[in-house]
Q: 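Quick one: the structure is below, and I'll ask about it shortly.
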Amino acid sequence: MKKKVLSVLLATAMVASLAACGNSNQPANQPSNTPSDSNAPAPSSSEAPEVTYDLKQVKIMVDGTLNLTEETGLKEFEEAWEKEVGVDLVINKPDHSNYSEALALALAGSDKPDVVLMPAAMYSQYASFGTVLWDMTDAYENADFQSALNAKSVVNEGNYVNGRMYGMSPAAGNGCVTYVKKAWLDNLGMSVDDIKTYDDFYNMLVRFTTEDPDGNGVDGDTYGIIAPGLVSTEAPWTNYLPEFWQNAYPALLQDETGVWYDGFQTEETKEALERLRTAWAAGVIDPDTSAFVGETKSTREKWFGNDQKGTAGCFAYWAGTWRQTLTNNLSKNQVDTEVVQLPLIAEMDGFLDRKAPVWVIMNDTSLSEAENNARGQAIFDAFFETMLDGGNVQLMWTYGLEGMHWSMAAETVVVAPDNPDKRKETTYEEGQFHMLPGILDNTALYSKNHIDNILSIRDLPSQYNASAASDLATESSAAFYANAISAPALPSSTTYAVQSAVINDAVQVAVNAVVKGEKDYDAAMQEYLATAGAVVETVLAELNNPQ
């Protein structure tokens with residue numbers, strides 16, 4: 001918990017320091033790219049000189065959503081990208097669970113990356129300062145890929161801050177749904193189709209907790225549900241326990257008229273906390289939920305681990321591709337061969353479609369404004385235009401490398417060749433697109449690299465779509481988007497950018513105190529207001545009365 005809080009504090013602190021130096025003309029370390037206008041004609045007295053930029057290298061920082069690692073082809077990906085684009089690519093990929101902390105430290109250092117993938121909440125903070133991120137509004141609106149974008153490109157409308165865009169998302173945000181181990185339902189004579197209301201859902205959790213759903217002959221050694229925290233550490237906050245939170249939203253949000261208010265101080269949040277408190281007292285929530293705050297990897301690995309004693313039947317995670325991935329892991333660990341997806345219960349308005357992570361270009365304050373703009377456009381053309389080119393580079397970002405992760409060759413692909421029970425052979429004809437077995441785990445096929453093709457804002461040619469996404473992934477995504485609603489907009493104000501951690505940490509403390517029975521609601525709310533009330537009031541004033 002302390003480690004996670006530290007990362008948030010570091011991130012917001014670095015925003016403040018970057019904002020303070022954003023207008024500085026003091027040179028930083030010499031950048032890897034240099035402006036080049038030595039051959040430009042001398043300007044006339046009536047026109048400014050044209051500034052060009054000789055882009056030689058792009059340094060990027062990205063989290064684990066870029067799936068490739070050194071062992072599975074990251075170096076080969078860099079080389080293939082460089083061959084297609086003609087620019088050197090340097091990828092910095094820190095550990096996924098500590099990404100926010102590593103990113104904040106990198107952006108505060110002297111050797112900053114050129115391009116960064118930012119969580120949506122961090123983007124809203126940095127974008128509120130107009131000097132930190134390169135303004136890509138004109139580049140995006142005039143990009144070559146604009147005419148080829150599909151309906152999911154609406155995701156980028158949410159990336160405008162005060163009418164300007166400082167970052168873009170190549171895919172829609174997606175959201176979480178609750179997955180259930182089908183074997184557990186079968187063992188108790190239940191069906192996911194019977195779960196229509198919160199009471200149905202809660203009764204299922206009680207049975208998972210008190211009976212013997214895993215079939216090991218012992219009653220009461222399992223739990224109903226597990227999550228990486230009672231409330232998430234980032235927006236949209238409620239996505240890992242959606243049936244409990246329902247339509248409550250414990251963060252700053254806008255009402256129907258556009259007025260901002262504190263969703264944590266509402267009757268809906270109070271009722272959600274009571275539901276969680278009742279469930280915690282009854283023992284249907286795995287206690288590791290309060291230990292795994294923000295640790296999605298630890299949570300999912302416990303859920304699908306081969307030792308099911310002490311684990312849970314339900315786990316809310318991302319719709320689409322993750323349904324297939326979770327199924328693969330359960331099967332590999334000989335736990336279950338099928339995962340079912342819980343339908344939307346009656347008390348929920350919809351599944352929250354989150355604000356997608358955002359790719360941004362960092363300003364280089366060692367350059368003049370004209371040089372920095374030329375640099376930004378050059379990076380946009382090399383990195384963003386090609387990421388959505390509808391061809392070779394987009395294929396690499398989506399599926400990885402031909403011959404290593406996917407293929408069009410005539411061949412027979414064997415999954416789990418050493419396991420007679422799991423072994424599966426599939427023969428493909430020349431020109432038939434197909435994924436290849438994992439390099440480190442040949443019991444499953446690769447599914448994606450960075451861009452999820454189901455969520456991409458630009459469609460690839462049809463021959464690359466038909467067999468790439470499994471039926472489970474496609475079905476999962478369709479069910480999610482049939483009932484999806486947009487997550488609330490993220491606040492963007494000067495005070496929120498610097499002190500959002502004060503609010504978020506106070507929410508975490510209050511939620512845990514109420515749910516675990518350490519304090520009643522009124523006492524926890526008093527502490528929340530004592531800690532964060534002044535910050536909340538200042539932020540709301542800035543949001544509702546912009547200067």
Side-chain angles (χ1 to χ4, degrees), residues 8-9 11-24 104 107 118-141 154-169 173 234-237 249-266 269 352-363 365 369 373 376 485-507 528-529 531-547:
V8 177
L9 291 173
T12 53
M14 300 315 170
V15 173
S17 67
L18 283 167
C21 68
N23 290 316
S24 172
L107 297 185
M118 280 189 172
M122 185 180 287
Y123 169 73
S124 72
Q125 297 170 4
Y126 277 77
S128 65
F129 301 106
T131 55
V132 181
L133 309 181
W134 185 66
D135 185 341
M136 65 171 64
T137 311
D138 294 337
Y140 175 78
E141 293 177 353
V154 70
V155 65
N156 282 304
E157 292 184 6
N159 291 331
Y160 283 87
V161 176
N162 298 323
R164 307 302 295 175
M165 177 185 282
Y166 300 92
M168 60 163 279
S169 306
E234 60 184 14
W237 311 112
Y249 198 75
L252 305 184
L253 70 163
Q254 292 171 290
D255 65 16
E256 295 81 0
T257 64
V259 175
W260 287 85
Y261 67 99
D262 185 5
F264 192 56
Q265 300 181 63
T266 62
T269 292
L352 292 182
D353 188 9
R354 69 166 176 168
K355 304 301 179 186
V358 182
W359 282 101
V360 304
I361 300 172
M362 305 303 298
N363 275 328
T365 56
E369 181 179 356
N373 283 335
I485 56 177
S486 295
L490 296 167
S492 182
S493 81
T494 303
T495 300
Y496 188 80
V498 178
Q499 299 195 59
S500 60
V502 174
I503 303 173
N504 300 336
D505 293 347
V507 168
Y528 165 76
L529 292 174
T531 303
V535 176
V536 169
E537 288 184 9
T538 299
V539 172
L540 290 177
E542 292 175 356
L543 293 170
N544 288 321
N545 300 284
Q547 299 300 316

Q: Suppose the criterion is salt bridge (charged side-chain N to carboxylate O under 4.0 Å, His left out): which pairs have a residue in residues 534-545, not counting sequence neighbours?
A: none
Q: What pair of heavy atoms forms the shortest contact from Asp135 to Arg164, and how long is it?
A: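 Looking at all heavy atoms of both residues, the shortest contact is OD2-NE, 2.8 Å.
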Q: Please check this pair: side chain of Arg354 against backbone of Pro236, looking for a donor-acceptor N/O pair closer than 3.5 Å.
A: no
Q: Determine, stepwise, if the pair Met118 / Leu133 fulfils side-chain contact (heavy atoms from CB on, under 4.5 Å).
A: CA-CA 11 Å; Met118 280 189 172; Leu133 309 181; 4.0 Å; yes
Q: How far does CE of Met136 sit from CH2 of Trp359, to the nearest 0.5 angstrom?
A: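 If we round to the nearest 0.5 Å, Met136:CE and Trp359:CH2 are 11.0 Å apart.
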Q: Can you tell me how far CE of Met165 sits from CH2 of Trp134, rounded to the nearest 0.5 angstrom?
A: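 So the gap between those two atoms works out to 11.5 Å.
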Q: Tell me whether Tyr166 contacts the main-chain N or O of Val161 through its side chain, where contact means a donor paired with an acceptor under 3.5 Å.
A: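 Looks like no, no N/O pair under 3.5 Å.
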Q: Could you walk me through whether Tyr261 and Leu252 pass side-chain contact (heavy atoms from CB on, under 4.5 Å), step by step?
A: CA-CA 6 Å; Tyr261 67 99; Leu252 305 184; over 6 Å; no
Q: Got a second to check how far Tyr160's OH is from Ser492's OG, nearest 0.5 Å?
A: 15.0 Å
Q: So which atom in Gly263 and which in Thr269 form the shortest heavy-atom distance, rounded to 0.1 Å?
A: O-OG1, 2.8 Å
Q: So, do Val539 and Trp260 sit near enough that their side-chain heavy atoms are less than 4.5 Å apart?
A: no
Q: Please report the closest heavy-atom contact between Gly173 and Asp353, naming both atoms and the distance.
A: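 Heavy atoms only, the tightest pair is C-OD1, 3.8 Å.
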Q: Picking from Thr131, Val360, Leu107, what satisfies side-chain contact (heavy atoms from CB on, under 4.5 Å) with Tyr126?
A: Leu107
Q: Could you tell me if the side chain of Leu543 sits less than 4.5 Å from the side chain of Tyr496, heavy atoms only?
A: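 Result no, sub-4.5 Å side-chain heavy-atom pair not found.
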Q: Looking at CG of Asn363 and CG of Asn373, how far apart are the two atoms once the value is rounded to the nearest 0.5 Å?
A: 8.0 Å
Q: So Thr266 and Tyr249, do their side chains get closer than 4.5 Å, heavy atoms only?
A: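 A side-chain contact is absent here, since even the closest heavy-atom pair is not under 4.5 Å.
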Q: Nearest heavy-atom pair of Val358 and Asn159: which atoms, and what distance?
A: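 What the structure gives for the nearest pair is CG2-OD1, 3.5 Å.
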Q: Do other residues, nucleotides or ligands put more than 12 heavy atoms under 6.0 Å from the CG atom of Asp255?
A: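 Enclosed: over 12 neighbouring heavy atoms sit under 6.0 Å from CG of Asp255.
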Q: Without swapping roles, check the side chain of Ser169 against the backbone of Pro357 for a donor-acceptor pair under 3.5 Å.
A: yes
Q: To the nearest 0.5 Å, how far apart are CG in Leu490 and CE in Met122?
A: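 So the CG of Leu490 and the CE of Met122 are separated by 12.5 Å.
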Q: Just verifying a value: how many Å separate Asp262 CG and Leu253 CG, rounded to the nearest 0.5 Å?
A: 8.5 Å
Q: Would the number of heavy atoms belonging to other residues, nucleotides or ligands and lying under 6.0 Å from CD of Glu369 be above 12?
A: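 Incorrect, the count does not exceed 12.
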Q: Which heavy atom in Pro491 sits nearest to a heavy atom in Ser124, and how many Å separate them?
A: O-OG, 3.3 Å
Q: Please name the pair of heavy atoms, one in Tyr528 and one in Val536, separated by the smallest distance, quoted to 0.1 Å.
A: OH-CG2, 3.6 Å
